[in-house]
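Remember, it's a predicted structure, so these values are computed and weren't measured experimentally. Here, residue 1 is the first one in the sequence, and each next residue gets the next number.
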Amino acid sequence: MINQKNTIKFFTLIFDMKKLAMSASSLLLGLLAVSMTSCGGSDSKASSDTAVQAVKAADGATTSNLNIRYIDGDSLMTHYNLAKDFQEASMRAVSKIEGARQAKATEIQKFAAAIEQKGRSNGYLTEASYNADMQKLQKMQQDAENYLAGLSRNTENELAQQQLQLNDSIENYIKIYNASKGYDAILFKAAGIYFNPALDITNEIVEGLNARYNKVSESK
């Protein structure tokens with residue numbers, strides 16, 4: 001027979017399970033934000049860096065003599081194949097975490113329901129047997145929290161590495177591209193309020209990036 005103290009303990013544990021589901025959902029939202037950043041967030045960082053380079057280029061030269069071009073970061077991330085592949089990988093990672101959360105929650109809820117049903121039907125002959133099942137339920141919950149936390153950390157690390165790889169790929173290619181062009185500065189569109197559309201080299205950069213990325217893929 002389950003006493004009142006253990007009944008309170010049981011419902012407290014059910015509440016913790018709901019909290020686990022909410023915390024996992026919050027985690028998913030955070031990972032989604034990271035995944036979106038990995039596919040578009042390089043714009044702000046690159047804009048800041050290139051803006052500084054533009055100021056350095058302007059040192060000792062008049063504004064009218066500067067030869068500047070710009071890139072639309074949103075368009076770049078939309079059409080660069082590496083960015084698209086990373087975005088798809090990020091969404092798969094987020095879906096994997098959500099699937100794992102749902103599976104763990106279902107497993108825990110099923111066992112919790114079995115405990116509750118057994119208690120209502122006076123299936124527990126001793127206090128010790130009930131406590132043993134409650135301890136098992138608590139361990140299942142803790143193990144689920146630890147598993148999801150580890151899975152999310154691994155995903156965050158993977159997304160961070162993708163971000164770095166994406167940034168490096170774009171930056172390195174722009175340097176190669178500009179070696180033959182000789183522009184004083186290549187800015188991201190977000191670095192300014194207005195640019196003459198004639199200065200837009202986004203399509204050229206995307207074409208060059210995709211050509212290089214495809215060649216690497218084919219050689220694997």
Any side-chain heavy-atom pair of [X] and [Y] under 4.5 Å:
X      : Y      : value
Asp184 : Asn65  : no
Gln142 : Asn146 : yes
Ile170 : Leu82  : no
Tyr177 : Ile186 : yes
Ile68  : Tyr183 : no

Exercise. Mind jotting down which residue pairs meet the salt bridge (Lys or Arg N to Asp or Glu O under 4.0 Å) criterion with at least one end in residues 190-209? Sequence neighbours excluded, please.
Key: none

Quiz item: Any salt bridge (Lys or Arg N to Asp or Glu O under 4.0 Å) pairs touching residues 129-141, not counting sequence neighbours?
Solution: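 For residues 129-141, and leaving out neighbouring residues, the salt bridge (Lys or Arg N to Asp or Glu O under 4.0 Å) pairs sorted by first residue read Lys139-Asp143.
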
Quiz item: With Asp168, which residues qualify under side chain to side chain contact (heavy atoms under 4.5 Å, CB included), at least two apart?
Solution: Asn172

Exercise. Name all residues meeting the side chain to side chain contact (heavy atoms under 4.5 Å, CB included) criterion together with Ala100; count only those two or more places apart in sequence or in a different chain, and write none if there are none.
Key: Tyr147, Leu148, Leu151

Practice problem: Flag the pair Arg101 and Glu98 as a salt bridge only when some basic side-chain nitrogen lies within less than 4.0 angstrom of an acidic carboxylate oxygen. | Solution: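 The answer is yes: the pair qualifies as a salt bridge.
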
Self-check item: Glu88 and Lys84 ion-paired at < 4.0 Å
Solution: no

Answer with yes or no whether the side chains of [Y] and [X] bring together a donor and an acceptor at under 3.5 Å.
X      : Y      : answer
Asn67  : Arg69  : yes
Ser169 : Tyr213 : no
Ser152 : Thr155 : no

Exercise. Give a yes or no answer on whether the side chain of Asn210 reaches the backbone of Ile205 with a donor-acceptor pair at less than 3.5 Å.
Key: no

Exercise. Check whether any side-chain N or O of Thr202 sits under 3.5 Å from a backbone N or O of Asp72 as a donor-acceptor pair, and report yes or no.
Key: yes

Quiz item: Can you list the residues that meet the ring-ring contact (aromatic ring centres under 6.0 Å, His included) rule with Phe195, with sequence neighbours excluded?
Solution: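 Expected list: Tyr70.
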
Quiz item: Excluding sequence neighbours, so at least two apart, what forms side chain to side chain donor-acceptor pair (under 3.5 Å) with Gln161?
Solution: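 Side chain to side chain donor-acceptor pair (under 3.5 Å) check on Gln161 returns nothing, list empty.
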
